[in-house]
Undergrad: 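Have a look at this one.
Numbers for residues simply follow the sequence, beginning at 1.
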Amino acid sequence: MNSIYLQGMWGTQVSVEADVSGGLPGWSFVGYLASEVREAQDRVRTAIRNLGVELPPRKVTINLSPADLRKEGTGFDLAIAAAILTAYGIIPSPEETWLFLGELGLDGRIKGIPGALTLTVRARELGFTRLFLPEENLEEASMIQGIGLVGAGDLKSLMELLKGAGPIKEYERRERPGTDPGQEKYAGDFSEVNGQKVLRRAAEVAVAGMHNLLMIGPAGSGKTMVARRLATILPAMTQEEQIEISKIYSVCNLLSGEEPLIRRRPFRAPHHTVSAQALTGGGSRPKPGEISLATGGILFLDELPEMSRGALEALRQPLEERQVTISRVYGTCSYPADFQLVAAMNPCRCGHYPDLSRCTCTAGEVSRYLGKISGPLLDRMDICVEAQAVTYEEMEGKAENESSASIRARVEAARAIQRERFKGLSIRCNGEMGGGQIRRFCPLNKEESEFMEHIFFSLGISVRMYGKILKVARTAADLDGREQILTKDLSEAVSYVRIRQRYWKNG
């Protein structure tokens with residue numbers, strides 16, 4: 001029998017063999033197995049007996065190969081049961097291109113398993129033509145085309161089906177309407193954000209180019225409000241993106257029959273007490289963390305300085321490599337971590353610096369508070385913007401604010417320009433450009449070059465920051481539909497750097 005072991009996002013084919021012979025009766029499992037796999041003998045044996053099938057006492061050997069791969073989880077139960085029934089001659093041997101996945105209950109019921117969508121993708125890649133799996137996983141697995149699905153509610157019905165009691169009917173996939181981004185119902189809208197013109201513009205540029213964004217300002221100025229409305233201006237996902245993101249959620253068992261596919265870009269906002277392991281993923285059998293669940297969308301970290309140093313530093317490698325690798329005793333697995341980081345913070349513990357008329361913190365306290373954000377992490381923030389205190393007139397909201405739909409239209413137009421620009425390359429957005437790509441796609445005319453030369457020496461910016469300025473300026477030009485970067489685009493990008501230098505003197 002064939003099954004699959006899922007390790008991270010990668011599935012390895014596992015062959016389940018059963019041999020029945022004379023000798024001292026008993027069941028023996030071999031093949032480097034975790035305890036839950038060895039316990040399958042009790043689940044399978046009891047389930048078969050409760051179906052009214054009496055197995056003659058024989059020496060039964062069950063082998064799960066490859067032997068050097070540690071197998072974990074309960075998803076092998078169905079393949080083990082099918083192998084034993086075949087070895088006893090109760091059912092005919094299934095075809096080599098069939099695959100069995102599912103956990104058995106003691107009464108013979110076949111229970112759902114995590115990762116059904118990811119397992120189905122891998123089964124299709126391995127060339128299997130038919131997949132037998134629990135009925136409760138059918139909706140999730142049906143999102144994947146190109147492989148036949150057969151749902152099994154209990155072992156008895158599956159046994160009769162394999163014995164030829166009737167034709168094997170594959171699950172008929174039903175059509176699901178795609179998500180129209182213009183019709184999505186969000187909890188908020190940018191039209192509800194009063195004032196904060198600079199902050200709104202920075203948020204638009206950040207989303208358009210997938211730039212990491214840091215918002216700094218007094219408490220109650222609207223940083224979190226803006227961050228949570230970023231989801232409303234994210235561009236719609238392609239079918240391919242929906243599948244890739246849904247695979248991560250499938251591994252975590254976060255999909256359901258009602259929502260078997262992630263159709264909106266993720267927006268994850270863990271509490272500031274989150275641990276490094278919860279962010280990156282882990283466990284004895286590593287599962288994805290928040291940064292992987294935010295893939296394709298936004299990871300929002302509020303109260304950034306209040307997070308632990310370990311959690312903050314754990315973000316550095318995934319932000320560069322766009323994936324996170326988790327190593328444990330029994331192996332190593334990698335998960336995607338292709339997210340946009342958005343963070344918000346107060347400028348000091350009381351939240352009012354640099355307004356010295358209201359700030360109660362000493363200079364040392366302010367310095368220590370800001371110093372919780374390390375230089376290497378700060379270097380990974382393309383845009384740093386200050387949220388100003390909202391005036392009474394702005395709070396009253398008499399001016400008509402631009403809606404999320406209007407902003408999203410510009411974002412999607414800018415993203416379309418970037419898709420065309422980077423066609424055939426491994427990147428999709430301006431925020432992902434490296435040094436060579438910046439030189440290629442961000443050329444400057446004489447006037448703009450002289451402006452940047454002046455900025456480079458007068459502000460004492462680093463080479464890394466110089467590249468970030470060009471990337472952000474490239475996005476500002478894309479939002480205007482221009483190929484050429486102008487001085488005003490560079491000035492806007494430089495303003496985001498100067499905010500950082502205002503608070504971190506050596507930034």
Side-chain angles (χ1 to χ4, degrees), residues 1-20 31 33 37 40 44 48 61-69 71-104 110-174 243 246-247 250-251 260:
M1 299 301 134
N2 297 302
S3 192
I4 292 181
Y5 172 58
L6 198 60
Q7 188 174 22
M9 300 294 292
W10 182 257
T12 302
Q13 180 181 346
V14 174
S15 177
V16 182
E17 305 167 317
D19 178 75
V20 177
L33 312 174
V37 183
V44 173
I48 293 175
T61 303
I62 299 98
N63 177 46
L64 281 73
S65 64
D68 61 342
L69 174 70
K71 273 76 70 177
E72 299 176 326
T74 56
F76 301 110
D77 288 7
L78 196 58
I80 292 171
I84 291 171
L85 292 172
T86 300
Y88 270 100
I90 297 174
I91 62 172
S93 180
E95 295 184 18
E96 287 296 320
T97 57
W98 292 2
L99 190 78
F100 294 84
L101 295 168
E103 177 185 346
L104 277 179
I110 301 176
K111 302 178 180 181
I113 56 173
L117 186 143
T118 312
L119 288 163
T120 305
V121 171
R122 185 58 181 150
R124 184 184 62 182
E125 293 172 348
L126 290 171
F128 291 100
T129 60
R130 182 171 286 172
L131 172 59
F132 293 83
L133 75 168
E135 287 182 342
E136 63 184 87
N137 291 133
L138 280 173
E139 280 295 314
E140 182 180 331
S142 67
M143 296 295 102
I144 308 303
Q145 303 290 332
I147 184 171
L149 304 176
V150 180
D154 58 76
L155 185 58
K156 184 176 181 179
S157 60
L158 178 61
M159 187 172 64
E160 294 300 322
L161 199 63
L162 295 175
K163 287 169 66 175
I168 298 179
K169 295 182 180 180
E170 295 183 353
Y171 180 74
E172 294 185 6
R173 295 169 170 85
R174 58 190 177 97
I243 294 294
S246 297
K247 284 166 61 178
S250 177
V251 170

Undergrad: Does any part of the side chain of L104, heavy atoms only, come nearer than 4.5 Å to the side chain of K111, both counted from C-beta?
TA: no
Undergrad: Stepwise, does the side chain to side chain contact (heavy atoms under 4.5 Å, CB included) test hold for V44 with I84?
TA: CA-CA 9 Å; V44 173; I84 291 171; 4.0 Å; yes
Undergrad: Do S15 and M1 come within less than 4.5 Å of each other through their side chains, counting heavy atoms only?
TA: no
Undergrad: Going by heavy atoms in the side chains, are K169 and V150 under 4.5 Å from each other?
TA: no
Undergrad: Take a 6.0 Å sphere around CD of E160 and say whether it holds more than 12 heavy atoms from other residues, nucleotides or ligands.
TA: yes
Undergrad: For E172, I'd like to know if atom CD has over 12 heavy atoms of other residues, nucleotides or ligands within 6.0 Å.
TA: no
Undergrad: Check A79 against V16 and note the closest heavy-atom contact, atom names and distance.
TA: CB-CG2, 3.9 Å
Undergrad: Run E17 and I62 through side chain to side chain contact (heavy atoms under 4.5 Å, CB included) and show every step you take.
TA: CA-CA 6 Å; E17 305 167 317; I62 299 98; over 6 Å; no
Undergrad: Run the side chain to side chain contact (heavy atoms under 4.5 Å, CB included) test on L33 and E72 for me, step by step, so that the C-alpha distance in whole Å, both residues' side-chain angles and the decisive distance to 0.1 Å come before the verdict.
TA: CA-CA 7 Å; L33 312 174; E72 299 176 326; over 6 Å; no
Undergrad: Are I48 and L155 side-chain neighbours, meaning at least one heavy-atom pair lies under 4.5 Å?
TA: yes
Undergrad: T74 and D77: side-chain donor and acceptor closer than 3.5 Å?
TA: no
Undergrad: With rounding to the nearest 0.5 Å, note down the distance linking CE in M143 to CD in Q145.
TA: 8.0 Å
Undergrad: Would you check if P94 and T86 make a side-chain contact, meaning some heavy-atom pair closer than 4.5 Å?
TA: yes
Undergrad: Nearest 0.5 Å, please: how far is CD1 in I110 from CD1 in I113?
TA: 10.5 Å
Undergrad: Donor-acceptor pair, R173 side chain versus I144 backbone, under 3.5 Å?
TA: yes
Undergrad: Roughly how far, to the nearest 0.5 Å, is the CD1 atom of I4 from the CH2 atom of W10?
TA: 10.0 Å
Undergrad: Please tell me if the side chains of V251 and M9 come closer than 4.5 Å, counting only heavy atoms from C-beta onward.
TA: yes
Undergrad: Which heavy atom of I147 sits nearest a heavy atom of A123, and at what distance?
TA: CD1-CB, 3.8 Å
Undergrad: Does the side chain of E170 reach to within under 4.5 Å of the side chain of L149, using non-hydrogen atoms?
TA: no
Undergrad: Apply side chain to side chain contact (heavy atoms under 4.5 Å, CB included) to M159 and L85, showing your working.
TA: CA-CA 8 Å; M159 187 172 64; L85 292 172; 3.9 Å; yes
Undergrad: Any side-chain heavy atom of W98 within less than 4.5 Å of one from L162?
TA: yes
Undergrad: Identify, with sequence neighbours excluded, every residue that meets ring pair (Phe, Tyr, Trp, His ring centres under 6.0 Å) alongside F100.
TA: F132
Undergrad: Do side-chain atoms of K247 reach the backbone of V121 as a donor and acceptor pair under 3.5 angstrom?
TA: no
Undergrad: Could you check whether E140 and S250, counting side-chain N and O atoms only, form a donor-acceptor pair closer than 3.5 Å?
TA: yes
Undergrad: Looking at every heavy atom in both L138 and G151, which two are closest together, and how far apart are they?
TA: CD1-CA, 3.6 Å
